[in-house]
Amino acid sequence: MSASMPEADWMDGDDEASPAPARSSSRYKGVVPQPNGRWGAQIYERHARVWLGTFADEAAAARAYDVAALRFRGSGGAVNFPGAGGVPSAAEMAFLAARPKSEVVDMLRKHTYDDELRQALRSGSGAGERGDLSLSLVPRVALFEKAVTPSDVGRLNRLVVPKLHAEKHFPPLAGDEDDATAPPVLLAFEDVGDGGKVWRFRYSYWSSSQSYVLTRGWSRFVREKGIVAGDTVAFSQAAAVTDDGEVVGGKRRMFIECRKRKRDDDDDDRGDDDCCPDGGARVVRLFGANIAAATIGD
DNA sequence: AGCTGTGTTGAA
DNA sequence: TCAACACAGCTG
């Protein structure tokens, strides 16, 4: 179901005008009648029942089951409301995939799922968005960030990547152990603050300074984003969320995001060429502090 | 006092 | 896996 779908549309069954006492059973999958005339929703996983809450409307309970089925079994699972409202959008699937089952179940039990989904969809659908899949909904793991130095934004046209982070999160560069200059590698990053615009940088090791650097492409990034010394560039990587909400790296997609250095109160400077189109501090939902991000280099 | 959500069982 | 049924507990 999509967030834009009015709930009332499918909330009317046959027994709308009458308070209708509990029927002996529901026509919807995962829905069970409650003694008081309300409806309960449940889904089974591994022999165990997962209670999804009770609902006044039979169809609302059925929809709760659908949501759970989407999260527990993927878009392939049988659902009560296929078609129209039941068609899971890529964005909704991402929304679901980005949170642990327990959280989804909580939202269903508290009847807050639709609100949360709408809110996430709204905040994620900025003007610069390209696909219909909001980047803010893509689960990501933070890799590292660096406050850029004057030389990082100066004429050197390069960003020094702290050795520890480079070696831990970026693909290994042959030759970084000996004094030979490693062959350059091209890395692509999706811009979290700009609807996924892709930035490509040459990544290499400068043996002369014994530094890992992002070179070609970096200066353009600095210029277009208006990055100045003191600002921060953050790197993250696509991740997957397990049943328990544990985040695991795995996908190769990497992301970059720039954050303006916090200014006390003086000027807010130009508000559009900024690196964060939305205006204020963009809140990106990142997961878990301690995740074993998969090695990018495979 | 009401309701929710679990215990449990038999069918699919 | 799934739902029917009973009712233990919980909530207010």
Side-chain angles (χ1 to χ4, degrees), chain A residues 1-121 133 137-139 239-248 250-251 285 287-288:
Chain A
M1 76 286 331
S2 73
S4 55
M5 184 179 198
E7 317 192 350
D9 285 7
W10 35 256
M11 295 232 282
D12 53 357
D14 39 275
D15 52 7
E16 46 185 44
S18 57
R23 210 173 303 134
S24 60
S25 90
S26 170
R27 51 173 176 280
Y28 294 119
K29 184 174 173 60
V31 176
V32 342
Q34 288 300 98
N36 55 340
R38 286 165 62 81
W39 301 88
Q42 59 185 26
I43 188 171
Y44 283 81
E45 183 191 45
R46 273 266 322 149
H47 255 267
R49 166 177 50 202
V50 176
W51 188 251
L52 305 174
T54 59
F55 306 81
D57 301 293
E58 187 178 6
R63 202 181 65 93
Y65 171 86
D66 288 0
V67 171
L70 251 33
R71 177 59 182 83
F72 283 56
R73 301 164 184 172
S75 49
V79 132
N80 290 301
F81 302 105
V87 158
S89 66
E92 179 168 14
M93 289 308 289
F95 173 82
L96 287 168
R99 29 208 108 227
K101 291 178 181 177
S102 61
E103 220 172 281
V104 173
V105 170
D106 274 347
M107 292 189 282
L108 294 174
R109 289 173 77 144
K110 296 175 188 165
H111 301 181
T112 59
Y113 177 78
D114 284 314
D115 284 335
E116 299 234 27
L117 175 60
R118 260 189 281 270
Q119 188 176 319
L121 256 31
L133 211 177
L137 293 174
V138 175
V241 178
T242 67
D243 300 352
D244 299 325
E246 198 147 336
V247 181
V248 179
K251 299 187 181 177
R285 201 178 291 255
F287 293 85

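Scope of the values below: all heavy atoms of this structure, side chains included, with no hydrogens, waters or symmetry mates. Every value quoted in this text rests on a predicted model; they were computed, and no experiment measured them.
Counting heavy atoms from C-beta on, the side chains of A:Phe72 and A:Val50 come closer than 4.5 Å. The closest side-chain heavy-atom distance from A:Trp39 to A:Tyr28 is not below 4.5 Å.
A:Lys29 has its NZ atom 10 Å from the P atom of C:dT1, to the nearest Å. In this structure, CD of A:Gln42 is placed 11 Å from C1' of C:dT1, rounded to the nearest angstrom. Look at CH2 on A:Trp51: it is 11 Å from P on C:dA4, rounded to the nearest Å. Taking atom CD of A:Glu58 as the reference point, atom P of C:dA3 lies 12 Å away to the nearest angstrom. Here C:dA4 presents its C1' atom at 12 Å from CH2 of A:Trp39, a figure rounded to the nearest Å.
In secondary-structure terms, DNA chain C builds stems of at least 3 consecutive Watson-Crick or G-U pairs, each pair having both distances under 3.5 Å, at B:1-11 with C:1-11.
Checked by atom type, the side-chain pair A:Thr54/A:Gln34 shows no donor-acceptor distance below 3.5 Å.
Cation-pi check for A:Arg99 over A:Phe95 is met; the charged atom lies under 6.0 angstrom from the ring centroid and within 45 degrees of its normal.
Legend: residues meeting side-chain contact (heavy atoms from CB on, under 4.5 Å) with A:Ala41, ordered by chain and number and at least two apart, are A:Leu52, A:Phe55, A:Ala61, A:Ala64.
The NZ atom of A:Lys101 lies 12.0 Å from the CG atom of A:Leu96; values are rounded to the nearest 0.5 Å.
Within the 4.0 angstrom heavy-atom criterion, only backbone atoms of the sugar-phosphate kind lie near A:Gly30; the bases stay farther away.
Using a distance-only test at 3.5 Å, with no hydrogens or angles considered, a donor-acceptor pair links the side chain of A:Asn80 to the main chain of A:Ala62.
Nearest heavy-atom pair, A:Arg27 versus A:Glu58, reported as atom, atom and distance to 0.1 Å: N-OE2, 3.3 Å.
Taking only side-chain nitrogens and oxygens, A:Ser25 comes nearer than 4.0 Å to OP1 or OP2 of C:dA4.
With a cutoff of under 4.0 Å to any heavy atom of chain A, the contacted region of DNA chain B is bounded 5' to 3' by B:dC3 to B:dT8.
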